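If you're wondering where the values come from, they're calculated on a predicted model, not measured in any experiment.
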Amino acid sequence: MHKSTMPLSGVRTLYQLFLLTLMVLLAACSSLRLAYNHGDTLLYWWIDGYVDLNSDQKEWVREDIDKLFHWHRKTQLQDYVQILQTAQRQLTAGPTQADLQTDFDDIKKRTESLLLKAAPELADLTRSLQADQIATLERKFAANNADFRKKNMRGDREAQQKFRYKKSMEQFELWFGSFTSEQEAAIRQASDARPLNNEIWLDERVRRQKNIVALARRVQSEKLGKEATVAAIQELIKDGFERLENSERKTFFDSYEQANLQLVLTVIKLATPAQKAHAQKRMQGWIDDFRTLATDQK
């Protein structure tokens with residue numbers, strides 16, 4: 001398949017979505033600027049792992065990723081600065097659970113708006129996908145699900161709670177540094193208070209993945225036009241966000257969300273002045289890095 005058969009606007013929007021995942025990976029890196037400056041290569045490998053780019057795609061995909069990162073530097077990084085500055089102020093004043101809920105809702109709205117805005121470009125991409133690429137995506141989803149089962153559903157309830165706690169602690173230690181044994185015990189208690197049902201999370205993952213694959217195959221088999229494909233993608237996006245409010249599992253989702261916010265609030269309340277200073281310093285480092293990256297002409 002030649003580049004001319006796949007609209008650049010479509011692949012560019014898909015890469016933006018992939019970049020959201022990439023930014024999560026960057027959060028674990030000790031040097032944000034170093035990781036971001038190599039992010040184009042990391043993102044290329046990530047995409048290739050999902051759809052197995054063919055020889056005709058490889059060169060222009062790399063070029064388009066470069067354009068994406070240029071756009072991202074110029075238009076998105078200052079938003080990250082504002083988000084981190086808000087977090088700094090909240091950490092100093094001491095956030096309430098309502099503050100954290102507002103932050104979560106804001107991020108969710110930003111994400112939904114971005115995806116809905118991208119629907120026309122995603123429609124172009126979906127209409128251009130080849131059958132073998134859709135099959136590759138489906139196999140990748142299956143492999144990811146197997147990995148989820150292996151990591152999150154191993155052992156009894158205690159083992160699963162411990163694994164979930166350790167994953168959370170990796171993030172908390174990234175921001176606050178090390179914790180005392182007394183703090184860890186309190187955090188573990190708040191972590192275990194969250195509802196635990198990995199079968200639900202796996203089922204929701206599989207549901208979303210099947211919907212994505214089914215839509216891609218429907219577009220190909222029915223040769224849907226641009227307008228119909230846009231409408232189908234918008235419906236899929238809205239369903240993903242509205243499901244939290246309208247699902248038969250709403251009670252579980254709501255209780256998990258509130259318990260997760262309480263866990264974060266517990267960590268902040270337990271943090272010593274030195275630990276909070278550690279978090280403030282790290283956030284300021286990221287703010288400085290984002291500002292530098294936004295003006296970098298790389």
Side-chain angles (χ1 to χ4, degrees), residues 20-30 32 36 76-115 161-196 201 240-245 250-291 293-294:
L20 297 176
T21 299
L22 177 63
M23 293 308 298
V24 174
L25 298 177
L26 294 181
C29 297
S30 58
L32 185 146
Y36 191 92
Q76 303 299 300
L77 296 187
Q78 289 300 332
D79 285 347
Y80 295 175
V81 169
Q82 293 177 9
I83 291 171
L84 286 166
Q85 287 176 331
T86 297
Q88 283 184 315
R89 291 192 296 269
Q90 289 180 342
L91 184 59
T92 298
T96 64
Q97 187 156 338
D99 291 330
L100 298 181
Q101 183 70 62
T102 298
D103 295 340
F104 175 80
D105 292 341
D106 179 56
I107 292 172
K108 186 166 63 174
K109 288 178 182 178
R110 285 171 180 261
T111 304
E112 183 176 11
S113 295
L114 171 62
L115 294 176
Q161 284 182 324
K162 184 177 181 180
F163 177 77
R164 182 176 63 171
Y165 162 73
K166 287 185 174 181
K167 287 200 301 182
S168 297
M169 284 301 294
E170 289 175 358
Q171 295 302 311
F172 295 142
E173 289 172 348
L174 174 71
W175 291 103
F176 292 95
S178 60
F179 292 89
T180 66
S181 58
E182 290 80 8
Q183 288 175 316
E184 289 179 356
I187 296 171
R188 173 66 189 270
Q189 184 176 7
S191 176
D192 289 353
R194 294 177 291 174
L196 179 68
W201 293 121
F241 285 90
E242 294 174 356
R243 183 165 175 76
L244 296 177
E245 298 300 325
K250 175 176 168 54
T251 300
F252 173 80
F253 292 147
D254 286 347
S255 60
Y256 185 87
E257 179 180 306
Q258 292 305 308
N260 220 33
L261 294 176
Q262 184 59 46
L263 170 62
V264 175
L265 193 62
T266 296
V267 174
I268 294 174
K269 288 181 176 179
L270 285 172
T272 65
Q275 289 168 331
K276 289 182 179 180
H278 184 283
Q280 292 280 11
K281 182 178 180 180
R282 186 169 188 85
M283 283 188 280
Q284 188 59 50
W286 277 40
I287 289 171
D288 295 341
D289 282 348
F290 281 137
R291 283 174 170 162
L293 287 165

**Message:** Tell me the closest heavy-atom pair linking His278 and Leu174, and the distance in Å.
**Reply:** CE1-O, 3.8 Å
**Asked** Is there side-chain contact between Tyr256 and Asn260, with heavy atoms separated by less than 4.5 Å?
**Response** yes
**Request:** Measure across Leu265 and Gln97 and return the closest heavy-atom pair with its distance rounded to 0.1 Å.
**Result:** CD2-N, 3.8 Å
**Request:** Measure the acute angle between the ring planes of Phe176 and Phe179, then classify it against the limits of 30° and 60° as parallel, tilted or perpendicular.
**Result:** tilted
**Distance-only side-chain donor-acceptor flag, Gln258 / Asp254, under 3.5 Å** = no
**Complete:** In short, Thr272 meets Gln275 closest at the heavy-atom pair N-OE1, 2.8 Å
**Message:** My understanding is that only residues two or more places apart in sequence, or in another chain, count here; which of them pass side chain to side chain contact (heavy atoms under 4.5 Å, CB included) with Gln280?
**Reply:** Gln88, Leu91, Thr92, Met283
**Asked** Closest approach of Pro95 and Gln90, non-hydrogen atoms and distance?
**Response** CD-O, 3.0 Å
**Request:** Mind checking the CD1-CG spacing from Ile268 to Leu263? Nearest 0.5 Å is all I need.
**Result:** 10.0 Å
**Message:** With a 6.0 Å cut-off (strictly less than), is the heavy-atom count around CD of Glu173, excluding the residue itself, greater than 12?
**Reply:** yes
**Prompt:** So, does Thr266 use its side chain to make a donor-acceptor pair with the main chain of Gln262 at under 3.5 Å?
**Reply:** yes
**Complete:** d(Leu84 CG, Asp79 CG) to nearest 0.5 Å is 11.0 Å
**Asked** Given side chains that start at C-beta, do those of Ile187 and Glu184 come closer than 4.5 Å, heavy atoms only?
**Response** no
**Message:** Can you confirm whether Trp286 sits close enough to Ile83 that some side-chain heavy atom of one is under 4.5 Å from a side-chain heavy atom of the other?
**Reply:** no
**Message:** If I take atom CZ from residue Phe163 and atom OG from residue Ser168, how far apart are they, to the nearest 0.5 angstrom?
**Reply:** 10.0 Å
**Asked** Between Leu270 and Ala186, what is the shortest heavy-atom contact and its length?
**Response** CD1-CB, 3.6 Å
**Message:** When you compare the side chain of Arg291 with that of Gln78, does any pair of heavy atoms fall below 4.5 Å?
**Reply:** yes
**Complete:** Heavy atoms of Gln101 and Leu261 approach each other most closely as OE1-CD1, 3.1 Å
**Asked** ring pair (Phe, Tyr, Trp, His ring centres under 6.0 Å) with Phe252: which residues, sequence neighbours excluded?
**Response** Trp201
**Item:** Side chain proximity check, Trp175 to Val267, heavy atoms < 4.5 angstrom
**Value:** no
**Item:** side-chain hydrogen bond (donor to acceptor under 3.5 Å, both in side chains) between Arg89 and Thr86, intermediate numbers included
**Value:** CA-CA 5 Å; Arg89 291 192 296 269; Thr86 297; 3.2 Å; yes
**Asked** Okay, side chain of Arg164, backbone of Arg194: is any donor-acceptor separation there less than 3.5 Å?
**Response** yes
**Item:** side-chain hydrogen bond (donor to acceptor under 3.5 Å, both in side chains) between Thr96 and Asp99, intermediate numbers included
**Value:** CA-CA 5 Å; Thr96 64; Asp99 291 330; 3.2 Å; yes
**Asked** Take atom NZ in Lys162; do more than 12 heavy atoms of anything else shown fall under 6.0 Å from it?
**Response** no
